[in-house]
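Down below is the structure, laid out as structure tokens.
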Amino acid sequence: MARAFSAGRKGITGHLEPAERDLLRKLFADIITMLEPATAASEDPLAALIGLDMDVRVPTDPALLRLLPNVVKDDADSALEFRQLTERSLREGKIGALRAASLGLESDKIVLDTEGATLWAKALNDVRLVLAERLDIRDEEDAERVHEVQDWGEADDVESYLSLVYNFVSWLQESLVQAMLVSLQRAK
Amino acid sequence: MSVSTAPEVDREVSASELISPDTPWELIVWNDPVNLMSYVSFVFQSYFGYSEAKAAKLMMQVHTEGKSAVAHGSKEKMEAHAVAMHGFGLWATVQKGGNRG
């Protein structure tokens, strides 16, 4: 098991085993693939610059919709209009965080400054949101059901394997966020 | 010296209300069973600059009541906050304020 992240004078440090790094690298790559826009950026340089995308539609994949949610409830037109203005740059921001976290996996010791830690926390969170959607986690009871799967020896189907991966990423994010909260208090 | 008359004051107030761009909008953050309580609290502290106590209070409100209005202000500002929340992976929406508190 990986050592938890901890906050020290040099920033936040963590340690991951090679198998854990391989797993995270694959997860980050999967989410990056999900988030890459289906169409190229607009040929209109101004539209491309501000990330305007008139072809954008509400995602049909519920996991992708969870990553890129509607900004207003019960008003599809307003939500779509806002999506056209913002979705492309939101996708790019998320891909940037996932790439940064992936680059951080090059060595077994991970050292993060405040900005790097935030990118890592965002990347781990997006991985968890997608896994939760695949695991059909809709309420606290579902979350508890998944949380109970702890034994890698029992990973004999896709659901139990995904549950174990989800629990690992949750544990990792919790330990990272606790270290970030310690750093935040020290900085005050 | 004359004392300024009441009607003038009234006119000023109503005029400033009419042109005020600050129709209150609010940013709602919704509960979900995935986001860690510690992470939500961290986002409220680091992004909005809220104190640990205020962040914890809002986080608990999201958790127990299903949602919380975590910021109030102009529509544009609330929309910018919503995009930032989506960047963090929190589910946030923007709506016209009304039932504050």
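Order of the sequence lines sets the chain letters (A, B, ...), proteins ahead of strands, with each chain counted from 1.
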Less than 4.5 Å apart, side chain to side chain, heavy atoms only: is that true for A/Leu68 and B/His86? no
For atom CD of A/Glu115, is the number of surrounding heavy atoms from other residues, nucleotides or ligands below 6.0 Å larger than 12? no
For chain A, which of B/Glu79, B/Met78, B/Gln95 has the most heavy-atom pairs under 4.5 Å? B/Glu79
Region of A/Ile137 in contact with chain B, defined by heavy-atom distances below 4.5 Å: both
Below 4.5 Å from any heavy atom of chain B, which atoms of A/Ser78 appear? Answer side chain, backbone, both or neither. neither
Are any side-chain N or O atoms of A/Asn125 and backbone N or O atoms of B/Phe88, one a donor and one an acceptor, separated by less than 3.5 Å? yes
Please state whether the side chain, the backbone, both or neither of A/Glu141 comes within less than 4.5 Å of a heavy atom of chain B. neither
Heavy-atom pair of closest approach, residues B/Leu36 and A/Ser170: CD1-O, 4.1 Å
A/Leu80-A/Phe82 co-clustered via ILVMFWY side chain contacts under 4.5 Å: no
Chain A shares the most heavy-atom pairs under 4.5 Å, among B/Thr93, B/Val34, B/Leu90, with B/Val34
Go through A/Leu90, A/Asp75, A/Leu131, A/Thr114 and name the one with the most non-hydrogen pairs under 4.5 angstrom from chain B. A/Leu90
With a 4.5 Å limit on heavy-atom distance, are the side chains of A/Lys73 and B/Ile28 in contact? no
Heavy-atom pair count under 4.5 Å with chain B, highest-scoring of A/Lys94, A/Arg138, A/Arg128, A/Arg91: A/Arg128
Answer key: most heavy-atom pairs under 4.5 Å with chain B among A/Gln178, A/Glu144, A/Gln185 is A/Gln185
dist A/Gln173:CD -> B/Ser38:OG (nearest 0.5 Å) comes out at 7.0 Å
Looking at A/Arg66 and B/Asp32, does any basic side-chain N land under 4.0 Å from a carboxylate oxygen? yes
Is B/His63 in contact with chain A via its backbone, its side chain, both, or neither, using a 4.5 Å heavy-atom distance? side chain
Using side-chain heavy atoms (C-beta onward) and a distance below 4.5 Å, is B/Asn31 in contact with A/Glu140? yes
What part of A/Asn70 gets closer than 4.5 Å to chain B, counting heavy atoms only: side chain, backbone, both or neither? backbone
Please walk me through it: do A/Leu184 and B/Phe42 pass side chain to side chain contact (heavy atoms under 4.5 Å, CB included)? CA-CA 9 Å; A/Leu184 199 64; B/Phe42 172 81; 4.1 Å; yes
For atom CD of A/Gln84, decide whether the heavy atoms of other residues, nucleotides or ligands shown that lie under 6.0 angstrom number more than 12. yes
Transitive ILVMFWY side-chain link A/Leu35 to A/Leu65, under 4.5 Å: no
Side-chain heavy atoms nearer than 4.5 Å, only ILVMFWY residues, links allowed to pass through others: does that put B/Met60 and B/Met85 together? yes
Would B/Tyr39 and A/Lys122 satisfy side chain to side chain contact (heavy atoms under 4.5 Å, CB included), going step by step from the backbone distance to the final call? CA-CA 9 Å; B/Tyr39 181 62; A/Lys122 286 179 170 181; 3.8 Å; yes
Grouping I, L, V, M, F, W and Y whenever their side-chain heavy atoms are under 4.5 Å apart, do A/Leu124 and A/Leu164 come out in a common cluster? yes
Nearest 0.5 angstrom please: B/Tyr47 OH to A/Thr118 OG1, how far? 13.0 Å
Can you tell which part of A/Glu87 gets under 4.5 Å to a heavy atom of chain B, answering side chain, backbone, both or neither? neither
Are B/Val94 and B/Trp91 connected, step by step, through hydrophobic side chains (Ile, Leu, Val, Met, Phe, Trp, Tyr) whose heavy atoms are closer than 4.5 Å? no
So, the part of A/Ala143 with a heavy atom under 4.5 Å from chain B: the answer is side chain
Greatest number of non-hydrogen atom pairs under 4.5 angstrom with chain B, of A/Asp126, A/Thr86, A/Asp139, falls to A/Asp139
